[in-house]
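Reading through the structure tokens given below for one structure.
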Amino acid sequence: MTERFDILVVGAGPAGIAAAVTAAAAGKQVALVDDNPAAGGQIWRSDSKRPTTARTWLEKLAASSVVRLQGWRIVDSPSRGVLRADGKDGCRDLEYNQLVMATDARERFLPFPGWTLPNVMGAGGLDAMVRGGLPIADKRVVVAGTGPLLLAVAAHLARRGAKIVAICEQAPLRRFIPFLASLCGESAKAMQGIDYVRSTFGSKIYLGCWPVAASGNQKLETVTLRRGERQWEERCDFLACGFHLVPNLELPALMNCRIDKGFVAVDHLLQTSICGVFCAGEPIGIGGVEIALLEGEIAGLAAAGNTDAAIRLAQRRTRRLGFVRALATVTELDPRLKELATNATLVCRCEDVSFGRLRHHDSWREAKLHTRCGMGACQGRICGTAAEFLFDWDSGSIFSSVRPPLFPVRVSSLGHADTLADKGDSLASADMLASKETE
Amino acid sequence: MPELPPLYLLVNDVPVTVAPGTTVASAILIAGIPTRQSVTGEPRGPLCGMGICFECRVNIDGVQHQRSCQVLCTEGMKVRTT
């Protein structure tokens, strides 16, 4: 099945919605493809109290001519101008003239003893579970890691009745001064920050503090926290722990777009190194909703050929990049976080590969070949990001190993399913397919 | 807004009641059981909540390896963890 669109937008978060709505308003035939059940991305998850900006954009999307392909995950680019999407009922090919990638970011997870226990989750991870229906009232929660997401999650959970035992931010106080200064140009963010602090009033906030261990019988019961020389335990039901965000670069890497220092390289109109392929939102710099919306509009206008309007908006974006830089600085990881994992601590959760087995390797490629690290279902999305920090391996080598399918697909979804018929309804990943081809 | 009636689903044959809009991952957490056993036998639960980590993959209505954080519960759904 093949469908054709003027402009294809991947990712229905703020940047993707803004790009799709803007391009459709310019008279283009636009499709918006996304792997979640509903549009809104991670930040505007279905919730009774969406902010006004979210409601406004979702209403614009509903009123637009944009074809919405929700529940479809991009797994391949079989030829120039075509992306292959995998859904519940198989694959479909989507043809486009212009592409906008708004693939968002994911949380960075760092291994420490006990991090694989049930109920140890990402900060955004626990928030997603609560927005997805998990009751959190009266539960004891420790929020830890780094970045503004911690405070946002703690505030949301506190409003839902959670007992926020502690908020642990790895960055020390002195790092926050330039960050707070950068908020002067971002009044919406500053107001939001004040609101978060008010919602978490009464919770203990520790700076320069992080979890060193999680323990419990079959699931989390206790978190050990460390701040400087002091180490103590907190009993809790959930640990929400994420070390800021890293962009989802798998699709841009598959498209051969140039990646520079961990982000997709774009020109002032957000076109990547590949002509007709644009990128917006977190993959070009972590900056949050307001900048993502602006970038979505720029990419949507530029893809639709409305260059003058795109240039005007691009000037507004340039003025806001100070916040993106300040955020990157404040969330830089303390090198002592590299010492949390012991030899027995698992780094690769899919293949259960420990820190001790990985530490002697010199590169991601070598580690993969010798240990199967990063060759499981998540294809290195979790352990690759951790390994890059833990071992200072080159992220370029991690992304050079990106191959289709970008996500494991059911064998029945693949074109050449017959050659893999013996696998039944199992999942086929890029590494499994590669080993099949070499047999 | 009037409250919609709750949904009933089975997680490993145990009935679980959830509000409409609940994800399968959240329903499994409500049931208080792990989503899967790791290759060395560790119990695991959801980690990322956004379809990246695959820790929450379960069998839903006979289809294996569904990321339960990206699937909404439906009436009579049968979920099986591994």
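Every chain is numbered from 1, with letters handed out A, B, ... down the list of sequences. Because the structure is predicted, anything quoted here is derived from the model rather than measured. Below, all heavy atoms of this structure are taken into account, side chains as well, without hydrogens, waters or symmetry copies.
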Compare every heavy atom of [Y] with every heavy atom of [X], then report the nearest pair and how far apart it is.
X        : Y        : answer
B:Phe54  : A:Pro408 : CZ-CD, 3.4 Å
B:Met50  : A:Ala105 : CE-O, 3.1 Å
A:Pro118 : B:Pro43  : CD-O, 3.4 Å
B:Gly49  : A:Ala128 : O-CB, 3.6 Å
B:Cys53  : A:Cys378 : O-CB, 3.7 Å

- Message: Can you tell me which of B:Arg44, B:Glu55, B:Arg36, B:Glu42 forms the most heavy-atom pairs within a distance under 4.5 Å of chain A?
- Response: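 Between B:Arg44, B:Glu55, B:Arg36, B:Glu42, the count favours B:Arg44.
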
- Query: Between B:Val39, B:Val71, B:Val18, B:Val24, which has the largest tally of heavy atom pairs under 4.5 Å with chain A?
  - Reply: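 Going by pairs under 4.5 Å, I would pick B:Val39.
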
- Query: What residues, two or more places apart in sequence or in another chain, satisfy side chain to side chain donor-acceptor pair (under 3.5 Å) together with A:Ser354?
  - Reply: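 Residues passing side chain to side chain donor-acceptor pair (under 3.5 Å) with A:Ser354: none at all.
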
Examine whether an atom of [X] lies under 4.5 Å from a heavy atom of chain B, and if so say whether it belongs to the side chain, the backbone or both; otherwise answer neither.
X        : answer
A:Asp127 : neither
A:Gln218 : both
A:Asp35  : both

- Item | Sorted by number, residues from residues 133-144 of chain A in contact with chain B (heavy atoms, under 4.5 Å) |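 Near chain B, by residue number: A:Gly133, A:Leu134, A:Pro135.
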
- Query: For chain B, which of A:Glu107, A:Lys88, A:Arg381 has the most heavy-atom pairs under 4.5 Å?
  - Reply: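 Going by pairs under 4.5 Å, I would pick A:Arg381.
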
- Contact winner vs chain B - A:Arg349, A:Arg106, A:Arg73, A:Gln42, heavy-atom pairs under 4.5 Å: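 Looking at each of A:Arg349, A:Arg106, A:Arg73, A:Gln42 in turn, A:Arg349 comes out on top.
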
- Message: Working to the nearest 0.5 angstrom, can you tell me the gap between A:Phe407 CZ and B:His65 NE2?
- Response: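 Atom-to-atom, A:Phe407:CZ and B:His65:NE2 are 16.0 Å apart.
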
- Message: Using 0.5 Å steps for rounding, measure from the OG1 atom of B:Thr40 to the CD atom of A:Glu351.
- Response: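 Here the interatomic distance stands at 10.5 Å.
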
- With distance as the sole test, does B:Ser26 use its side chain to make a donor-acceptor pair with the main-chain N or O of A:Met129 at under 3.5 Å?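 Yes, because the side chain of B:Ser26 sits within donor-acceptor range (under 3.5 Å) of the backbone of A:Met129.
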
- Query: With side chains defined as the heavy atoms from C-beta onward, is the minimum distance between A:Met121 and B:Leu29 less than 4.5 Å?
  - Reply: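 Counting from C-beta outward, A:Met121 and B:Leu29 do come under 4.5 Å.
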
- Task: List the steps, then state whether side-chain contact (heavy atoms from CB on, under 4.5 Å) holds for B:Ile52 with A:Asn248.
- Result: CA-CA 10 Å; B:Ile52 297 278; A:Asn248 290 320; 3.9 Å; yes

- Item | B:Ala25 portion near chain A, given a 4.5 angstrom heavy-atom threshold |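 When you check distances to chain A, atoms from both the backbone and side chain of B:Ala25 fall under 4.5 Å.
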
